[in-house]
There are 2 protein chains.
Amino acid sequence: MKTGQRTTEPAELQSAEPRAKPTEDPSPGPAAPGLRERKKQRTRDALLRAALELFTTKGFEETTVDEITEIVEVSQRTFFRYFANKEEVAFAVQEMVEARFVQSLRERPAEEAPLVALRGAILGAWEAMGQSIEEVVPVELHMSTYQMIESTPSLLAAHLRRSMETEDEIARVIAEREGLDVDSDPRPRVAVAAFSGVMRVTGRLWGAGEDTSVESIRELTEQYLDHLGPALAGNWRTP
Amino acid sequence: MKTGQRTTEPAELQSAEPRAKPTEDPSPGPAAPGLRERKKQRTRDALLRAALELFTTKGFEETTVDEITEIVEVSQRTFFRYFANKEEVAFAVQEMVEARFVQSLRERPAEEAPLVALRGAILGAWEAMGQSIEEVVPVELHMSTYQMIESTPSLLAAHLRRSMETEDEIARVIAEREGLDVDSDPRPRVAVAAFSGVMRVTGRLWGAGEDTSVESIRELTEQYLDHLGPALAGNWRTP
DNA sequence: TGTCAATTGTCAGTCGCTGTCACTAGCCTG
DNA sequence: CAGGCTAGTGACAGCGACTGACAATTGACA
């Protein structure tokens with residue numbers, strides 16, 4: 001069964017509509033993006049949600065692209081026009097979250113020591129995230145997606161590569177704050193590596209535990225970062 | 001062209017023979033593994049070398065499994081009986097190297113502080129590696145394979161996942177040395193994360209530079225680890 | 001030499017992903 | 001508001017990685 005054959009209504013496309021929080025304005029606000037644009041957005045959201053739903057219930061490898069497109073009632077080709085590959089769908093939300101964290105870090109006061117800023121950024125970010133996620137998919141779904149990624153070898157690999165790229169960006173931000181050069185001074189990358197190491201550990205512990213609340217991961221992170229302090233902290237600008 | 005059609009001699013299989021350094025004994029020693037076993041080993045080695053050769057010259061994605069099997073003159077199915085997937089071939093040597101490092105770490109004197117042991121293990125391992133690698137493929141080939149992995153997204157991802165698993169093992173070894181529990185005390189994992197971060201940075205710098213000698217990477221590693229010291233060192237057993 | 005079991009080849013089929021082409025529906029210009 | 005432009009789509013064909021099933025070979029061993 002390579003392609004669906006249009007028999008029922010595109011249920012997912014419908015249910016996708018009553019989302020987003022464009023402040024209820026029917027005309028002004030951020031300007032209606034035009035019918036074409038909205039339709040596209042709806043299709044993308046529908047594909048995303050259908051995919052995550054399937055991934056988390058029957059597994060990533062076990063889910064076929066055809067199965068996804070069948071639910072949303074579009075052709076397989078259309079799926080690949082929205083997402084470069086099956087993997088990309090799984091990280092759509094993560095992508096957003098990471099961008100938010102980096103932004104959060106950039107906004108930290110310049111006086112803060114590297115690890116203080118990182119700590120502040122991640123803890124602050126956890127707060128806002130819940131909201132923005134909900135705009136696209138239920139938080140609960142994002143939670144299970146995260147756990148699913150951690151337990152799917154190929155996705156875990158992709159996740160790590162993405163993390164590495166993010167780490168690189170973070171290291172550059174840190175280096176900039178401290179007036180250092182990332183490529184000659186190892187400290188920014190080392191600090192970020194250690195920091196990210198803690199993130200990964202807490203992330204895994206959280207995924208393995210019962211409490212899937214945002215508070216849970218926030219507190220765990222905070223606690224672990226406290227342990228990291230004595231080992232890595234210290235203001236580099238006053239040797 | 002799905003399968004080759006047996007016309008020329010299996011050149012690679014032949015040239016694969018005069019390798020290994022089984023101390024020249026024709027009968028005693030570790031006991032001859034029998035014809036069947038040796039034949040299998042030769043096929044595996046031939047596949048491995050042909051694959052790496054192709055990967056490093058024309059790229060991983062651009063290399064077809066059929067192309068590999070065509071050179072070695074075996075069926076595609078046979079390839080997949082030796083290697084679970086195309087990826088696995090690319091990491092065959094790395095696998096060996098990592099195992100050697102972990103072993104090297106396990107043999108460090110118990111008195112050494114965590115980072116001292118890690119440092120000693122990696123520097124010592126770099127020495128021996130050259131030899132054992134040569135038993136399977138030319139060192140030069142392994143070097144270019146490493147660089148190739150770093151510059152191929154999908155392989156880099158896989159590489160990181162494998163690294164993570166190795167890190168986990170290392171963290172457990174460290175924790176054991178210090179009498180700690182990896183899951184409750186974050187320090188082992190954090191230290192290993194920082195250490196691995198340095199490894200990754202030096203590895204990338206080395207791959208980007210000119211000098212592809214083993215000494216080069218050894219010295220680079222040493223130098224960077226020295227910088228890490230003041231930030232993470234300290235004997236945990238005397239708080 | 002004959003039997004057993006490991007290796008391998010062959011064949012058919014699934015699935016991720018891409019190129020191509022024709023078609024339709026928003027959108028824009030005259 | 002007609003007519004053209006183009007983004008978005010569906011339908012197909014096809015490639016390459018990978019797997020299951022079965023038959024043919026071949027080393028190991030009695």
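Computed from heavy atoms alone, side chains included, the values below leave out hydrogens, waters and symmetry copies. Source: prediction; values computed, not measured. Protein chains get the first letters and strands the later ones, always in sequence-line order, with residue 1 at the start of each.
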Less than 3.5 Å between a donor and an acceptor, one on the side chain of A:R77 and one on the base of D:dG8, is that the case here? no

Among D:dG27, D:dC18, C:dT18, the one nearest B:K39 by side-chain distance: D:dG27

Answer yes or no: is there an ion pair linking A:E150 with A:R200, defined by an N-O contact shorter than 4.0 Å? no

Nucleotide of D:dA11, D:dC18, C:dT10 approaching A:R81 most closely (side-chain heavy atoms): D:dA11

For the atom pair OH (A:Y146) and CZ (A:R204), what is the distance rounded to the nearest 0.5 Å? 9.0 Å

Whole angstrom value for the distance that separates P of C:dG16 from CZ of A:F79: 9 Å

Over how many whole Å does the gap from A:E73 atom CD to D:dA11 atom C1' extend? 16 Å

How is A:Y82 classified with respect to the nucleic acid when contacts are heavy atoms under 4.0 Å: base, sugar-phosphate, or nothing? sugar-phosphate

Will you find, in the side chains of A:T78 and A:S75, an N or O donor that is under 3.5 Å from an N or O acceptor? yes

Integer-rounded Å distance: D:dA7 C1' and A:R42 CZ: 16 Å

Pick the nucleotide of DNA chain D nearest each of A:T78 and B:F80; which residue has the one closer to the 5' end? A:T78

Can you check whether A:N85's main-chain N or O pairs, donor with acceptor, with A:E88's side chain at less than 3.5 Å? no

For the pair made of CD in A:E37 and C1' in D:dA7, what is the distance, rounded to whole Å? 10 Å

Does B:K40 put a side-chain nitrogen or oxygen below 4.0 Å from OP1 or OP2 of C:dT7? yes

Measure CG/B:L47 against P/D:dA17 and give the value in whole Å, please. 14 Å

Nearest to the side chain of B:T64 - C:dC17, D:dG16, D:dT9? D:dG16

What's the CD-P distance between B:E88 and D:dT19, to the nearest Å? 11 Å

Is A:T63 touching bases, backbone alone, or none of the nucleic acid, heavy atoms closer than 4.0 Å? sugar-phosphate

Which nucleotide, D:dC12, C:dC11, C:dC17, lies nearest any side-chain atom of A:Q76? C:dC17

How many whole angstroms separate atom NZ of B:K86 from atom P of D:dT19? 14 Å

Judged by modelled atom types alone, do B:Q41 and B:E37 share a side-chain donor-acceptor pair under 3.5 Å? no

Atom CG of A:L54 to atom P of C:dC15: distance rounded to whole Å? 14 Å

